Amino acid sequence: MGIATPPRLQVASWNVNSLRVRLPQVLTWLSQNTVDVLGLQETKVTDELFPIAELRDAGYEALYSGQAGYNGVALLVRESLGTDDIVKAIPEFDHGQRRVLLATVGDLRIANLYVPNGEAVGTDKYRYKLDWLDALHGFLRAELQRYPRLLVMGDFNVAPADPDVYAPDLWRDRVLFSAPERQALNALFDLGLADAFRLFDQSPASYSWWDYRAGAFRRNLGLRIDLMLASPRLARECLECRIDRIPRGWERPSDHAPVMATFERDEL
DNA sequence: ATGGTGGTAGGACCA
């Protein structure tokens, strides 16, 4: 018995770099963290092979949009919550790459994204990334009109600012941190979306992705490219946002760490 | 050091 705590919704985003390889880690992490919604990126699994049974046994309903070999996104939602109004592509920018999954969970609108990597500045893939982000901007502007409580999360493959990069001067003209990419991200901020991580005090050199090579994680040579963007209404209800570095240190890890956020809810 | 590692493939790709 005690004073009832306000209801809270805990949300996380994690690029797992193959759900089939990382499923045991996802299940372990879910058992250790009270998360209501988990967005996954780079699932690299077709819908036919998506591990719905294992996730259902863990208490989660799965929404997924996958393809063979590359890309793939999913939303794991605690079964009691339910989902509605599912969208699997940016309208008028659907090229078959499975990078987008939106759903309404309670009164929260959640967009889970795997933004194109862009390969290198000046390449066709880089151009595609910028076009993709431009289309995303128009789409999210419309979503914000419809849904006051909008959370946009995922692997953005762009670091917002100098403190999000271990060597900003080295990265300033490279993919993941080039000025046009940051400008595209700033355009999303200009819609009123807030970088939830920066609503709170954080440790210096907080990153979400570390290259597999050259001992980058051990040396903390990382970038913060996994983000949670909150609409104005939702930003006011955000109680916490942090990165859980622990799974990046596990054996055979994803190269990304989960980003977590907690929101106070009026009711669910 | 144009390297380094990892996933999906069962070749070169993608990151």
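So that the names make sense, note that chain A is the first sequence line, chain B the second, and so on, each numbered from 1. If you're wondering where the values come from, they're calculated on a predicted model, not measured in any experiment.
- Between A:Leu19 and A:Asn15, the one whose closest nucleotide on DNA chain B sits nearer the 5' end is A:Leu19.
- For A:Tyr212, taking side-chain heavy atoms from C-beta onward, the closest of the listed nucleotides B:dT5, B:dA15, B:dT8 is B:dT5.
- Annotation: A:Ile246, atom CD1; neighbour count of heavy atoms from other residues, nucleotides and ligands within 6.0 Å does not exceed 12.
- At whole-Å resolution of the value, CD in A:Glu251 and C1' in B:dT5 are 15 Å apart.
- For A:Tyr114, the side-chain atoms get nearest to B:dA15 when compared with the rest of B:dC14, B:dG6, B:dA15.
- For A:Asp255 and B:dT8, the CG to P distance is 12 Å, given to the nearest whole Å.
- Going from atom CG of A:Asp211 over to atom P of B:dA15 covers 13 Å, rounded to whole Å.
- Of the candidate nucleotides B:dG6, B:dG4, B:dT8, B:dG4 has the atom nearest to the side chain of A:Arg213.
- Distances shorter than 4.0 Å separate some side-chain N or O of A:Arg99 from OP1 or OP2 on B:dA15.
- Set against B:dC14, B:dG6, B:dT8, the side chain of A:Arg22 has B:dG6 as its closest nucleotide.
- Ring centroids of A:Phe93 and A:His95 are separated by less than 6.0 Å, placing the two rings close together.
- Here B:dG4 presents its P atom at 15 Å from CZ of A:Arg219, a figure rounded to the nearest Å.
- Searching all strands for a Watson-Crick or G-U wobble partner of B:dT5 with both distances below 3.5 Å returns B:dA15.
- Using atom P as the reference point in both B:dA12 and B:dA1, the two lie 29 Å apart (nearest Å).
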**Q.** Intermediate values then yes/no, side chain to side chain donor-acceptor pair (under 3.5 Å), A:Asp226 and A:Ser208
**A.** CA-CA 6 Å; A:Asp226 300 271; A:Ser208 69; 2.6 Å; yes
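- A:Trp210 has its ring centre less than 6.0 Å from the ring centre of A:Phe217.
- The interatomic distance linking A:Leu223 (CG) with B:dA15 (C1') rounds to 13 Å, in whole Å.
- Residue A:Asp155 contributes atom CG, which lies 13 Å from atom C1' of B:dC14 at whole-angstrom precision.
- Taking only side-chain nitrogens and oxygens, A:Ser18 comes nearer than 4.0 Å to OP1 or OP2 of B:dT8.
- Position along DNA chain B of the nearest nucleotide to A:Lys44 versus A:Asn117 favours A:Lys44 as the more 5'-ward residue.
- Considering only side-chain N and O atoms, A:Arg252 lies under 4.0 angstrom from the phosphate OP1 or OP2 of B:dG7.
- Counting heavy atoms from C-beta on, the side chains of A:Leu63 and A:Ile86 come closer than 4.5 Å.
- Atom CH2 in A:Trp250 sits about 20 Å away from atom C1' in B:dT5, given to the nearest Å.
- Following rounding to the nearest Å, A:Arg20 (CZ) and B:dG7 (C1') show an atom-to-atom distance of 10 Å.
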